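Report on the following structure.
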There are 2 protein chains.
Amino acid sequence: MVTIADVARHAHVSISTVSYVLSGKRSISAETEQRVRASIRELGYRPNAGARALASSRTNVLALVMPLRSDMHVPVLMQFVTGVVTAARAHEHDVLLLTQDEGVEGLRRVAGTAMTDALIVMDIEEDDPRLEVLRRLPQPSALIGVPADPSGLACVDLDFETAGAVCVDHLAGLGHRRIGFIGAPAQVYERGTSFAWHTLAGFRGAAERHGAAAASVACTPDHTGVRRALAELRAAGPEPSGLVVHNEDALPALLDILGSDGVRIPDDLSVVAICSDQQAESLPVPITAVAIPAEEIASSAVRAVMRGLGGEPRPGVHLLRPRLRVRASSALPAAPPPARGAPTS
Amino acid sequence: MVTIADVARHAHVSISTVSYVLSGKRSISAETEQRVRASIRELGYRPNAGARALASSRTNVLALVMPLRSDMHVPVLMQFVTGVVTAARAHEHDVLLLTQDEGVEGLRRVAGTAMTDALIVMDIEEDDPRLEVLRRLPQPSALIGVPADPSGLACVDLDFETAGAVCVDHLAGLGHRRIGFIGAPAQVYERGTSFAWHTLAGFRGAAERHGAAAASVACTPDHTGVRRALAELRAAGPEPSGLVVHNEDALPALLDILGSDGVRIPDDLSVVAICSDQQAESLPVPITAVAIPAEEIASSAVRAVMRGLGGEPRPGVHLLRPRLRVRASSALPAAPPPARGAPTS
DNA sequence: ATGAAAGCGCTAACAG
DNA sequence: CTGTTAGCGCTTTCAT
């Protein structure tokens with residue numbers, strides 16, 4: 001194994017000079033630097049990570065805690081993970097992957113053994129037991145998701161509340177007055193998953209603002225679940241002319257069922273979703289949707305912890321603005337309600 | 001920060017005693033051990049990972065190289081990743097996650113800086129440039145997937161060749177004599193992805209053995225791609241009565257299209273797939289399928305590198321036996337061919 | 001602009 | 001059964 005001492009000897013300089021060439025923390029004469037770099041290349045030297053970590057208290061590793069069974073669509077989860085890895089690499093960091101099931105102890109372990117410089121935690125629940133641990137850790141951290149009390153923590157997420165509202169705004173703007181919401185499976189809400197509740201809140205608030213009749217149901221992604229959800233929606237009030245779907249996995253079954261029931265999209269029913277662009281565009285009818293900007297969220301979270309490592313912790317909630325992309329699944333309602341008090345044309 | 005010296009002082013023993021209590025590498029009197037453990041707990045001591053790595057040349061970390069854009073179904077990829085993390089944790093190891101795009105240099109980096117004790121590489125291509133690097137690395141490694149020349153490497157995978165054959169066997173056993181194969185997108189084959197070719201080879205071999213007419217087509221997972229694939233299949237020969245699908249992502253569109261074309265499954269067409277159980281069971285018709293045992297493969301790969309760390313490198317190819325699960329999508333062909341030379345009943 | 005040397009916290013001989 | 005100590009390879013003062 002080639003050590004820094006080998007390089008120093010080979011380049012006829014001291015060990016510290018080699019170290020400083022690598023870190024750039026003090027000026028080196030051009031000539032010396034050339035010689036050192038040549039030796040490094042020639043010998044194929046790579047600094048030992050453990051020794052570095054021990055001497056500098058910096059590992060250049062950040063930990064990412066990933067859910068085992070996700071409340072979100074798995075491909076989107078994957079995008080978060082690869083997004084974090086890619087962003088971390090751009091900051092000269094590697095990523096240590098932990099799973100949710102290690103819980104609080106997992107955080108304590110990697111932080112306490114100094115395996116990591118910082119932590120990023122996904123799939124945050126409203127009242128997550130890990131929050132208190134993160135607040136007390138010496139390492140900076142960032143959450144992907146926003147808990148009930150984000151004080152003292154850096155959080156990044158899509159603004160799901162606005163996302164829910166934007167979907168309603170779009171439908172209401174087209175003239176829809178009866179709007180249904182098809183959400184995640186019931187357990188997701190029971191668990192207090194933050195983004196699910198925020199979306200629902202945004203949906204309800206916007207529906208109220210627009211004076212639209214709104215009903216919402218939970219939904220499992222299989223055919224049976226979707227049928228049940230649609231039935232519940234009908235039972236809850238007047239037949240909706242527009243649907244907001246916050247359940248990416250249920251979309252294929254939903255379109256399948258509507259199709260075989262003879263419901264045409266968007267002629268008979270408009271559908272707006274919160275889902276990946278990929279999903280929105282691979283379905284039989286391209287779906288008007290707010291996408292989840294996973295890469296952006298991931299890189300923003302990495303930036304947050306990097307700032308923390310740089311000494312400017314700046315906790316706070318950073319919400320990304322939702323962007324609705326209009327596709328073929330939304331249009332004017334079949335029988336637009338008479339314009340009340342509108343100027344006659 | 002609490003160090004081993006603090007613990008030693010607190011327990012009135014030497015540093016080495018604390019170290020040995022933790023490692024169990026020499027016998028300690030029960031009384032001393034109790035005292036040391038009590039001090040560890042009381043002080044909340046956690047050994048510093050960097051110091052450990054430096055002194056012992058063991059990081060207790062293994063690197064996992066994950067594809068960025070996978071040839072496989074993303075949820076299955078995810079299962080591999082979580083499977084590796086879970087198995088690694090069971091062996092007291094953490095997982096450093098790298099992405100494919102770091103290529104050969106990524107392997108050299110984590111291995112050369114001694115960040116990791118071992119490596120697991122996914123999504124291996126027939127002639128992967130990383131293989132030569134892995135063979136030369138001092139750290140043990142395991143591949144998930146089997147390249148053209150696996151010599152000197154530990155490889156784990158489902159036996160895709162047999163999987164392809166098993167699907168044909170099942171259909172042929174039911175009496176099907178015209179069998180189509182719907183595969184992955186064309187680029188997957190062009191790229192030389194090993195499991196795709198192996199499956200196809202198994203399919204072809206078995207069809208030949210059974211004397212069945214067989215045609216195969218590549219397929220993208222969208223509706224257009226599936227329609228095109230079906231058309232190609234028809235153009236290639238007689239209308240198949242059975243289909244083997246090795247493209248999990250295309251299954252929903254396939255069933256959708258067949259459904260709207262009035263093709264009933266399994267009455268008019270039997271469908272057998274190689275896909276996750278989850279997918280097989282969430283479609284409108286439960287699909288007879290060979291599942292990819294991702295967790296098993298992952299834990300087998302972890303076991304392989306752990307053996308390597310234990311000094312018994314044992315390279316070689318370990319193929320898991322495919323298991324076909326019969327569901328509703330396969331049945332006797334509509335018009336069974338007359339039994340030639342079979343005893344009349 | 002460069003060098004010498006004191007640690008960083010731990011493991012594992014070596015010595016009883 | 002336990003203690004002493006020499007490194008592991010690097011970063012970072014402190015000197016010059």
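Below, chains carry the letters A, B, ... as their sequence lines are ordered, and counting in each starts from 1. On a predicted model such as this, the values are computed, not experimentally measured, just so you know.
Each of Glu33(B) and Ala51(B) was matched to the nucleotide of DNA chain D holding its nearest heavy atom; the match closer to the 5' end belongs to Glu33(B).
Comparing dT4(D), dT11(D), dT11(C) by their closest approach to the side chain of Arg52(B) singles out dT11(C). Checked against dG3(C), dC8(D), dC10(C), the side chain of Tyr45(B) finds its nearest nucleotide in dC10(C).
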May I have the step-by-step check of side chain to side chain contact (heavy atoms under 4.5 Å, CB included) for Glu126(A) and Thr193(A), ending in yes or no? CA-CA 6 Å; Glu126(A) 287 287 300; Thr193(A) 306; over 6 Å; no

Apply salt bridge (Lys or Arg N to Asp or Glu O under 4.0 Å) to residues Glu105(B) and Arg46(A) and explain how you reach the verdict. CA-CA 12 Å; Glu105(B) 173 56 19; Arg46(A) 310 245 185 198; 3.1 Å; yes

In sequence, state the C-alpha distance, the side-chain angles, and the governing distance for Tyr20(B) and Ile28(B), and then conclude on side chain to side chain contact (heavy atoms under 4.5 Å, CB included). CA-CA 8 Å; Tyr20(B) 284 119; Ile28(B) 306 279; 4.0 Å; yes

List the steps and the verdict of side chain to side chain contact (heavy atoms under 4.5 Å, CB included) for Asp71(B) and Phe195(B). CA-CA 10 Å; Asp71(B) 290 343; Phe195(B) 72 89; 4.1 Å; yes

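Contact annotation for Thr32(B): backbone-only contact, meaning every heavy-atom pair under 4.0 Å involves sugar-phosphate atoms and none involves a base. Nucleic acid contact for Ser23(B): none, since no nucleic acid atom lies under 4.0 Å from a heavy atom of the residue. When heavy atoms are screened at a 4.0 angstrom cut-off, Ser19(A) is found touching base atoms of the nucleic acid. Among the heavy atoms of the strands lying under 4.0 Å from Ser16(A) is at least one base atom, whether or not backbone atoms are also near.
Under 4.0 angstrom from either OP1 or OP2 of dT12(D) there lies at least one side-chain N or O belonging to Lys25(A). Not one side-chain nitrogen or oxygen of Arg26(B) sits closer than 4.0 Å to the OP1 or OP2 atom of dT2(D). Dashed line: the shortest gap from a side-chain N or O of Tyr20(B) to OP1 or OP2 of dT4(D) is not under 4.0 Å. For dT11(C), neither phosphate oxygen OP1 nor OP2 lies less than 4.0 angstrom from any side-chain nitrogen or oxygen of Ser56(B). For dT2(D), one of the phosphate oxygens OP1 or OP2 lies less than 4.0 angstrom from a side-chain nitrogen or oxygen of Ser29(B). Phosphate proximity of dG3(C) to Thr17(A): present, with a side-chain N or O under 4.0 Å from OP1 or OP2.
If you take CZ of Arg58(B) and P of dT11(C), they are 13 Å apart, rounded to a whole angstrom. One atom, CD1 of Ile4(B), and another, P of dC8(C), lie 14 Å apart when rounded to the nearest Å. Rounding to whole angstrom units, CG of residue Leu22(A) and P of dT12(D) are separated by 12 Å. Regarding Asn48(A), its CG atom lies at a distance of 18 Å from the P atom of dG7(D), rounded to whole Å. Counting to the nearest Å, the P atom of dC8(C) and the CE atom of Met115(A) are 22 Å from each other. In this structure, His12(B) places its NE2 atom 18 Å from C1' of dC1(D), rounding to the nearest Å. Look at CD1 on Ile15(A): it is 11 Å from P on dG3(C), rounded to the nearest Å. Distance, Ile40(A) CD1 to dC10(D) C1': 13 Å, rounded to whole Å.
Annotation: side chain of Met122(A) is in contact with side chain of Leu77(A) (closest heavy-atom distance under 4.5 Å).
Side-chain N/O atoms of Thr17(A) and Ser14(A) include a donor and acceptor closer than 3.5 Å.
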